[in-house]
Amino acid sequence: MSKTDIRSLILPELQDEMEKMGEKKFRALQLYEWMHKKLARDFSEMTNLSFSLRESCGERFSLTTLKPVKVQESKTDGTKKFLFELPDHNLVESVLMRYHHGNSVCISSQVGCRMGCKFCASTLGGLVRNLTAAEMLEQVYGIIRYTGERVSNVVVMGIGEPLDNRENLLRFIRMLTDDKGLHISKRSITVSTCGLVPEIKKLAEEGLQITLALSLHGVSDEKRRQLMPIAERYSIAELMEACRYYFERTGRRITFEYALAGGVNDTREDAEGLIGLASALHAHVNLIPVNPVRERKYTASGKEAVRMFQKKLEDAGINVTLRREMGRDIDGACGQLRRNYDSAGRG
Ligand code: SAH
């Protein structure tokens, strides 16, 4: 039987484990802080615990620690992309972005993805498995250990569909925001979804103060279906209702992500459709020129089209940002680093 992964346990669970081992309850807090505040890599670092307790923890539990197997740094904007190897040798990628308001880390939530979006590299090999809470936390911790820098924002926008891995995602958020750990503010966490309507509603009911980003990419059901298979299952009307529910339950404005693909979804009519949807929900719009993926046919909209699109939204009073094209020179698109590393043969 495989060992319990101790870094995925919340504090009350860890207290139960200590009780089972005949240890005092406060040992759980010491262990927890070693793992989630001091970011220990190994039980041997936990020097205020007795040698015998460290030994028995090592026998009973596994402690997930991720080390980057590859780090690429952008020469233009300081963005760093990390490839992490998981305990079972699968690979995921994470990105550190430096903004004037602080460091932001983008993490993966699954190995691969089963959502099948037509422009995305992460979904090409399908879904392999969900990540555990520890594997999500460790992407953040591994980057902090590597850079020695603080992280103020975390976005779940890397490989995978986070709402397809809800239990582990919620555990991850709970632990990341815990004052016994890194204590990152819920308002500084963004979860991005391709639009799983029932899951958006369930997340709304958790009442967490996190930002929900919806990958919209098309303003009619017909257009959205060309780009995203999930649009066959849920209509835009259903999606907007779920987003409204999220906004009402949490008070948090939704962000629409909109990848601009040349000649596909970047016309004036598309902009007008997007204005209608965004104003109804007071949503923020994040425009992302498509990052071309070798296996896919889509290309980014031209500069002129992007400018026209953005201006139209701004003129209509929409809160719009154009995603800075960070790290283009380092396999920027989601899932590209992992694919290139694997196909080139590891190491
Ligand atoms: N599964 C989640 C989160 C991961 S993708 C989701 O769909 O939202 C994060 C964002 O990057 C999504 O908006 C996704 O649609 C977008 N994206 C994926 N591949 C892209 C590409 N090649 N160019 C531009 N945006 C892309």
Side-chain angles (χ1 to χ4, degrees), residues 81 92-95 97 104-127 130-131 136 139 154-166 168-169 172 189-197 199-200 203 210-219 223-231 233-234 239 242-243 246 254-262 264-266 274 283-301 306 309 321-328 330-340:
K81 193 146 189 173
V92 289
E93 49 192 88
S94 327
V95 186
M97 291 158 291
S104 184
V105 167
C106 172
I107 67 146
S108 297
S109 56
Q110 297 180 313
V111 180
C113 183
R114 57 177 176 158
M115 296 298 137
C117 297
K118 295 288 193 323
F119 45 82
C120 179
S122 301
T123 198
L124 290 166
L127 174 68
N130 283 331
L131 295 191
M136 288 188 251
Q139 295 171 60
V154 174
V155 300
V156 189
M157 280 192 192
I159 298 169
E161 168 51 48
L163 299 192
D164 193 28
N165 184 16
R166 175 167 42 96
N168 292 332
L169 176 79
F172 160 75
I189 297 177
T190 299
V191 170
S192 177
T193 178
C194 66
L196 304 179
V197 166
E199 292 297 328
I200 293 175
L203 186 65
I210 57 173
T211 300
L212 182 70
L214 171 70
S215 299
L216 190 60
H217 308 324
V219 294
K223 257 197 195 172
R224 207 164 177 266
R225 279 187 208 125
Q226 287 170 20
L227 297 168
M228 309 173 75
I230 194 67
R233 199 141 25 116
Y234 306 109
L239 257 183
C243 286
Y246 187 90
I254 306 284
T255 296
F256 289 159
E257 287 164 276
Y258 196 90
L260 286 163
V264 177
N265 61 358
D266 60 353
L274 186 52
H284 175 103
V285 174
N286 193 13
L287 299 174
I288 323 160
V290 158
N291 211 331
V293 174
R294 204 187 323 120
E295 295 85 345
R296 307 296 206 190
K297 63 180 184 197
Y298 297 100
T299 53
S301 302
V306 173
F309 208 92
T321 43
L322 180 63
R323 167 119 30 116
R324 240 165 82 199
E325 293 181 41
M326 303 189 91
R328 257 297 154 89
I330 50 168
D331 294 322
C334 281
Q336 286 198 143
L337 176 58
R338 166 172 163 257
R339 285 189 68 75
N340 293 346

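First listed ligand is number 1; within each ligand, the first listed atom is number 1. Small disclaimer: the values here were computed from a predicted structure and weren't measured.
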**Student:** Does Arg296 use its side chain to pair, donor to acceptor, with the backbone of Ala121 at less than 3.5 Å?
**Tutor:**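 Here the side-chain-to-backbone pair does not exist.
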
**Student:** Show me which atoms of ligand 1 lie under 4.0 Å from any heavy atom of Cys194.
**Tutor:**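 What qualifies from ligand 1 is 6 (C), 7 (O), 8 (O).
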
**Student:** With a 4.0 Å cut-off on heavy atoms, does Gly158 reach ligand 1?
**Tutor:**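 A heavy atom of Gly158 does come that close to ligand 1.
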
**Student:** Do Leu131 and Asn168 have side-chain heavy atoms sitting under 4.5 Å apart?
**Tutor:**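 They are not in contact (no side-chain heavy atoms under 4.5 Å apart), so the answer is no.
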
**Student:** Using modelled atom types only, decide if a donor and an acceptor are shared between the side chain of Lys297 and the backbone of Phe119 within a distance under 3.5 Å.
**Tutor:**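 Between the backbone of Phe119 and the side chain of Lys297 there is no qualifying donor-acceptor contact (under 3.5 Å).
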
**Student:** Examine the proximity of ligand 1 to Glu161 and report which part, side chain or backbone, both or neither, has a heavy atom under 4.0 Å away.
**Tutor:**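 Both backbone and side chain.
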
**Student:** Any idea which of Phe119, Tyr258, Tyr298, Phe256 brings a heavy atom closest to atom 20 (C) of ligand 1?
**Tutor:**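 Going through Phe119, Tyr258, Tyr298, Phe256 one by one, Phe119 has the nearest heavy atom to atom 20 (C) of ligand 1.
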
**Student:** Between Thr211 and Thr190, is there a donor-acceptor pair closer than 3.5 Å when you use the side chain of the first and the backbone of the second?
**Tutor:**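 Not at all, since once roles are kept as given, no pair shorter than 3.5 Å links the two residues.
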
**Student:** Under 4.0 angstrom from ligand 1, any heavy atom of Gly160?
**Tutor:**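 Judged by the 4.0 Å heavy-atom criterion, Gly160 does count as contacting ligand 1.
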
**Student:** Is the backbone of Gly158 close enough, under 3.5 Å, to the side chain of Ser108 for a donor and an acceptor to pair up by distance?
**Tutor:**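 No; zero donor-acceptor contacts below 3.5 Å.
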
**Student:** Taking only heavy atoms of Val290, which atoms of ligand 1 are found under 4.0 Å from at least one of them?
**Tutor:**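 Taking each heavy atom of Val290 in turn, ligand 1 has 23 (N), 24 (C) under 4.0 Å.
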
**Student:** Using the test side-chain contact (heavy atoms from CB on, under 4.5 Å), find all partners of Asp164 that sit at least two apart in sequence or belong to another chain.
**Tutor:**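 side-chain contact (heavy atoms from CB on, under 4.5 Å) check on Asp164 returns Gln110, Arg114, Met115, Leu127, Glu161, Leu196.
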
**Student:** By number and element, which atoms of ligand 1 are closer than 4.0 Å to a non-hydrogen atom of Cys120?
**Tutor:**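 By the 4.0 Å cutoff, the relevant atoms are 18 (C), 19 (N).
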
**Student:** Quick one: look at Val293 and ligand 1, take heavy-atom pairs under 4.0 Å, and tell me if it's side chain, backbone, both or neither.
**Tutor:**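 Just the side chain.
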
**Student:** Do any side-chain atoms of residues 254-261 form donor-acceptor pairs under 3.5 angstrom with protein atoms, and if so which ones, sequence neighbours left out?
**Tutor:**
| unit_1 | atom_1 | unit_2 | atom_2 | d |
| --- | --- | --- | --- | --- |
| Glu257 | OE1 | Ser192 | OG | 2.7 |
| Glu257 | OE2 | Arg323 | NH2 | 3.4 |
| Tyr258 | OH | Asn265 | O | 2.7 |

**Student:** Evaluate Glu257 for polar contact with ligand 1, using N/O atom pairs at a separation under 3.5 Å.
**Tutor:**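 Yes.
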
**Student:** With a heavy-atom distance limit of 4.0 Å, tell me whether His217 approaches ligand 1 through its side chain, its backbone, both, or neither.
**Tutor:**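 The part of His217 near ligand 1 is the side chain, not the backbone.
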
